[in-house]
Amino acid sequence: MARVEPLRPKRKCPECGKESARETYPFCSTRCKNIDLNRWLSGAYVIPARDEEDEDDALAPPRESGSGEA
């Protein structure tokens, strides 16, 4: 009889550490999944972003300094 390999490796639930369930992967339960969703929606998790000014400075050619001629 052939052995069926799971598509995803088993891993621990990021919320509570229990083994994850197939239906709620990577979480162990709907409760842990909802806890994580609530943290994203409430702003507890934040993906850092750069300010537009920083991006403009990075794209601008370097300023020459020194002689003072115009």
Side-chain angles (χ1 to χ4, degrees):
M1 187 166 219
R3 183 170 182 239
V4 177
E5 290 288 325
L7 295 177
R8 295 181 183 142
K10 292 189 177 203
R11 64 184 281 203
K12 302 284 183 185
C13 174
E15 287 300 319
C16 69
K18 294 180 184 175
E19 192 153 320
S20 62
R22 178 179 221 132
E23 302 80 32
T24 55
Y25 189 82
F27 303 97
C28 67
S29 66
T30 303
R31 179 181 180 275
C32 283
K33 193 173 188 177
N34 288 336
I35 290 170
D36 185 72
L37 177 61
N38 182 48
R39 287 186 179 147
W40 278 105
L41 295 176
S42 67
Y45 296 145
V46 178
I47 298 173
R50 297 186 338 184
D51 292 336
E52 288 182 26
E53 294 173 5
D54 293 341
E55 291 177 12
D56 291 342
D57 290 342
L59 297 175
R63 295 181 206 156
E64 293 184 26
S65 60
S67 65
E69 294 179 25

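Throughout, numbering of the chain's residues begins at 1 and tracks the sequence.
- Taking both residues in full, the closest heavy atoms of Phe27 and Cys13 are given as CA-SG, 3.9 Å, listed atom of the first, atom of the second, then distance.
- Annotation for Lys10 and Glu19: closest pair CD-OE2, 3.0 Å, computed over non-hydrogen atoms.
- Distance check: Thr30 OG1 to Leu37 CG gives 11.5 Å after rounding to the nearest 0.5 Å.
- Judged by distance alone, the side chain of Ser20 and the main-chain N or O of Tyr25 form no donor-acceptor pair under 3.5 Å.
- Between Cys28 and Ala21, the shortest heavy-atom contact is O-CB, 3.5 Å.
- Distance check: Ser29 OG to Lys18 NZ gives 7.0 Å after rounding to the nearest 0.5 Å.
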